[in-house]
There are 2 protein chains.
Amino acid sequence: MTSSARAPRGATSDYRAIAHELREAITAGRYQPGDKLPSERALAEQHGAARNTVREAIAALRREGLVSAEHGRGVFVRAKPRWMRFGRRRYSAAMRATNELGPFGAEAVAQGRRPHVDSRITRIEAPAEVAERLGIVPGTLVVQRENWYFADDEPLQIGITYATWSLVEGNPLADSADLGPEGIYGQFAALGHVITHVREEISARMPTREEAQRMTIPDGVPVIDLWHTGINADREPFEVTRFVMRADFAALDYDMPVED
Amino acid sequence: MTSSARAPRGATSDYRAIAHELREAITAGRYQPGDKLPSERALAEQHGAARNTVREAIAALRREGLVSAEHGRGVFVRAKPRWMRFGRRRYSAAMRATNELGPFGAEAVAQGRRPHVDSRITRIEAPAEVAERLGIVPGTLVVQRENWYFADDEPLQIGITYATWSLVEGNPLADSADLGPEGIYGQFAALGHVITHVREEISARMPTREEAQRMTIPDGVPVIDLWHTGINADREPFEVTRFVMRADFAALDYDMPVED
DNA sequence: TAGTGGTCTAGACCACATC
DNA sequence: ATGTGGTCTAGACCACTAC
């Protein structure tokens, strides 16, 4: 690599070559998930490069989500996580009746992880994005139920549910974390809103700085940003939930008829 | 910033402060989409920092997708793109009958962009991921129809469709880019497979290095990775398509009944 | 030719993890 | 105390764009 200052660059570069070598070693299995890479200083010496150049290579691998740096410990090969899959059936009555943990808990347990949900319930004025989907005027009072979903104490997903205050007032939906065995859709059903359709608007993006911090999202991992609207038998929306999920553990799996 | 070498770091750092200032200027509108930021050297002088430190700040903004660097020209504020939305109805008979452009073309035209599709049709042995979804043995001959979708000559999406060779042999599906006015599902219908259900498996991830190059994906933009399976009236899968879409322009929008 | 971003060097000190 | 990654400096040359 000492030739780099003289040789033409462009198609290639030292840091790319180093990244390529490490990437290949990882995909070939010479470094296993969880393994520690040599230190930046060691790699620099091995390649006859400056430490900054090695850092460029590692930065590239981090962007790709292949490795993860831990301050003071080292750079580690990321494990390929198993995915939790969420689908249409999570809203069905059958799911509600048979499953006390909810779809998140069920998925987590199936993967041998310990689920745990934190809730924070407040009353706010509906933001535009919520009002639009609920068909109400922005500023109308709504309940906001913010749920953080953890697996083994690692926050993997946030879901913030909104419904008009006038609908939920007096119901556990308005102030209680415990919604009983039939969960959120059981309570809405008791209020006369049986979920029959859902609308799911899905996009993906990089996490905001705040999301990355609060959810401890590793480098190079996008989030799935999902707006979910619950719709009743009269085709009226009665509930909106925004999910933000780490894309490296979550996937969506829908099967649906082409026509209604 | 000259104090940085002496002041404790941790909660903050020079490059973070510079990134913060630029980020705020962008979100406040002092830099508009398309505007050029000051050069790295100018920013370094303004902040009394080394150029590398400014580059760290810009790297952070690039990861967030806020700015885009162009070699030899400068660093520019990225425009917030409008999204194309793809939903369930793209598979409906009504859509097929009324729309010659297909869902991609329709969306592009609606946004005032010029659509264009490149196709490459080959015959291959089914990869495991395809075979699994089609319910066939890996290695079975399948047609592979690789479509590149462009808007204003910018590649935004790839869709690779697979179907068993024995099914499509002799049909335009086997070798022709032109599938007639009713498109791909019209041809499958003619072969006795009317699409009645779809399964859509959705995940998001950073693009591979190759995808980023071939699709010219800017920094900090993830892709939506979608496996679509077409299912006929007998509940048999007959077609699989893998879509890879730039997440900064594509979104998915499904509405569906909770029960069949 | 001038100005831009891209890459690289050879150091330095700080903050964190581990023993 | 040692080793790790995190941040920073003050330079240098290369590659690309625009004039």
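The chains referred to below are lettered A, B, ... by the order of the sequence lines, with proteins before strands, and numbering in each begins at 1.
Less than 4.0 Å separates DNA chain D from at least one heavy atom of each of the following residues of residues 52-59 of chain B: B:N52, B:T53.
Side-chain atoms of B:R16 and base atoms of D:dG6 include no donor and acceptor less than 3.5 Å apart.
Considering only residues two or more places apart in sequence or on other chains, A:W148 meets the side chain to side chain donor-acceptor pair (under 3.5 Å) condition with A:E146. With sequence neighbours left out, A:Y254 forms a ring-ring contact (aromatic ring centres under 6.0 Å, His included) with B:Y254. In terms of the ring-ring contact (aromatic ring centres under 6.0 Å, His included) criterion, A:F86 has no residue partners (sequence neighbours excluded). With sequence neighbours left out, B:Y149 forms a ring-ring contact (aromatic ring centres under 6.0 Å, His included) with B:F104. Take A:R73 and apply the side chain to side chain donor-acceptor pair (under 3.5 Å) test, not counting sequence neighbours, and it matches A:E70.
A:H228 and A:E201 are not linked by any side-chain donor-acceptor pair at a separation below 3.5 angstrom, with hydrogens and angles left out of the test.
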Counting only pairs under 3.5 Å, give me each side-chain donor-acceptor contact of residues 154-161 of chain B, with atom names and distances, residues two or more places apart or in other chains.
residue : atom : partner : partner atom : Å
B:E154  : OE1  : B:R113  : NH2          : 2.9
B:E154  : OE2  : B:R246  : NH1          : 3.0
B:T161  : OG1  : B:T241  : OG1          : 2.8

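In this structure, the CG atom of B:L43 is 17 Å from the P atom of D:dA10, given to the nearest Å. For A:R51 and C:dT7, the CZ to C1' distance is 17 Å, given to the nearest whole Å. Rounded to whole Å, the distance from CG on A:D14 to C1' on C:dA10 is 15 Å. The CD atom of A:E45 sits 18 Å away from the C1' atom of C:dC8 (whole-angstrom rounding).
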All N/O contacts under 3.5 Å from nucleotides 2-4 of chain C to the protein, with atom names and distances to one decimal?
residue : atom : partner : partner atom : Å
C:dG3   : N2   : B:G72   : O            : 3.0

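For residues 108-131 of chain A, the ring pair (Phe, Tyr, Trp, His ring centres under 6.0 Å) pairs, not counting sequence neighbours, are A:H116-A:F150.
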